[in-house]
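Structure record follows, encoded as structure tokens.
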Amino acid sequence: MFSHLQNFSLKEKKIYFASDFHLGAPSSEASKSREKKIIQWLDSIQSDAAAIFLVGDIFDFWFEYKEVVPKGFIPFISKIQQLREAGIPILFFTGNHDLWMKDYFTKELGIPVYHHPIELMVNDKTLLVGHGDGLGPGDHSYKFLKKIFVNPVAQWLFRWIHPDLGIKLAKAWSGKSRITNSEKGEDRFLGEEEWLWQYCKDLESKRHHDLYIFGHRHLPLELEVGDHATYFNLGEWVSQFTYLEFDGRKAELKKFKAPAEY
């Protein structure tokens with residue numbers, strides 16, 4: 001069952017959604033350049049953001065040991081801390097790359113971390129938001145792996161590996177991912193076989209949501225779900241830099257262009 005947040009207030013502002021930053025990939029240099037662009041985007045929306053939803057795979061790898069978290073990403077973490085201190089709610093979702101997040105962001109930054117989709121009400125609209133991994137038909141191999149990855153025993157065993165080795169092994173695994181291997185062709189539109197779209201249509205037949213907002217797929221998508229609902233996929237920030245803006249009435253996919261690009 002989904003977590004449910006009632007009556008989210010915009011206060012004449014907007015909600016922003018973005019996912020799949022994959023900070024840390026495919027190299028430190030590329031990641032730092034992308035991190036600067038993400039911070040520029042956060043700067044650009046700060047004045048009119050009622051809330052910011054970071055919808056999974058923000059980090060290409062993240063594992064929280066009891067006393068250790070991955071180093072790096074200080075500019076990004078400092079920026080979201082600044083946004084929180086300015087009173088802007090930030091909601092963080094885990095994805096398949098950062099599903100081992102625990103309570104570090106919640107305790108240190110006051111940012112709730114969600115491991116499953118959530119429902120929320122904005123004005124008179126009902127939204128369902130989540131990363132999207134493991135949902136819908138197919139993808140059986142990943143669903144099997146996810147059961148292992150989220151298993152408490154498997155996580156306990158991994159935690160006993162020294163962080164230097166554990167993080168090195170995880171980064172090697174992450175290097176085989178879709179975001180760093182676009183030649184796999186998994187970034188093409190699959191038509192009726194889009195499994196997250198199928199998931200939305202199946203859910204809509206049972207329970208109405210005005211907007212379905214997911215990441216994971218690495219394609220910016222806007223697709224009808226029945227007569228009165230829309231599925232949005234947020235795309236990614238390795239090459240597309242897309243995000244969703246919602247003002248309580250209209251949701252619109254946009255592409256961020258840093259000031260130097262104008």
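Values in this document were obtained by computation on a predicted structure and should not be read as measured data.
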What's the shortest heavy-atom distance between Asp48 and Lys13, and which atoms? O-CB, 3.2 Å

Taking all non-hydrogen atoms of both residues, which atom of Ser31 and which atom of Phe73 are closest, and how far apart?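 Heavy atoms only, the tightest pair is OG-CE2, 4.5 Å.
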
Within 45° of the six-membered ring axis of Trp197 and under 6.0 Å from that ring's centre, is NZ or CZ of Lys201 located there?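 Relative to the ring axis of Trp197, which defines the angle, Lys201 lies inside both limits.
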
Assign the ring pair [X] / [Y] to parallel, tilted or perpendicular, where the plane angle (0 to 90°) is split at 30° and 60°.
| X | Y | answer |
| --- | --- | --- |
| Tyr212 | Phe214 | parallel |
| Phe105 | Phe59 | perpendicular |
| Trp237 | Tyr243 | tilted |
| Phe21 | Phe76 | perpendicular |

With no hydrogens and no angle check, just 3.5 Å: does a side-chain donor-acceptor pair link Tyr231 and Glu194? no

Could you verify whether a donor N or O on one side chain and an acceptor N or O on the other, from His22 and Glu236, lie under 3.5 Å apart? no

Please check if atom NZ in Lys79 has more than 12 non-hydrogen atoms from other residues, nucleotides or ligands closer than 6.0 Å. yes

Would you find more than 12 non-hydrogen atoms of other residues, nucleotides or ligands less than 6.0 Å from Glu224 atom CD?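 Open.
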
Do [X] and [Y] make a side-chain contact, defined as non-hydrogen atoms from C-beta onward lying under 4.5 Å apart?
| X | Y | value |
| --- | --- | --- |
| Leu135 | Pro117 | yes |
| Lys102 | Val113 | no |
| Val129 | Leu120 | yes |
| Asn96 | His131 | yes |
| Val225 | Leu203 | no |

Checking [X] side chain against [Y] main chain: does a donor-acceptor pair fall under 3.5 Å?
| X | Y | answer |
| --- | --- | --- |
| Arg217 | Leu196 | no |
| Ser205 | Asp202 | yes |
| Thr126 | Asp210 | no |
| Thr106 | Ile111 | yes |
| Asp98 | Ile58 | yes |

Pair Glu252, Asp247 - check side-chain contact (heavy atoms from CB on, under 4.5 Å), show working. CA-CA 9 Å; Glu252 183 178 0; Asp247 65 3; over 6 Å; no

Tell me, with the steps shown, if Gln40 and Phe256 meet side-chain contact (heavy atoms from CB on, under 4.5 Å). CA-CA 9 Å; Gln40 287 179 313; Phe256 177 68; 3.9 Å; yes

Using the side-chain contact (heavy atoms from CB on, under 4.5 Å) rule, take Ile213 and Phe53 through it: C-alpha gap first, then chi angles, then the decisive distance, then the call. CA-CA 10 Å; Ile213 301 170; Phe53 285 62; over 6 Å; no

Checking Glu35 against Ile39 for the side-chain contact (heavy atoms from CB on, under 4.5 Å) test, could you report, in this order, the C-alpha distance in whole Å, the side-chain angles of both residues, the deciding distance, and whether it holds? CA-CA 6 Å; Glu35 187 176 22; Ile39 292 169; 4.2 Å; yes

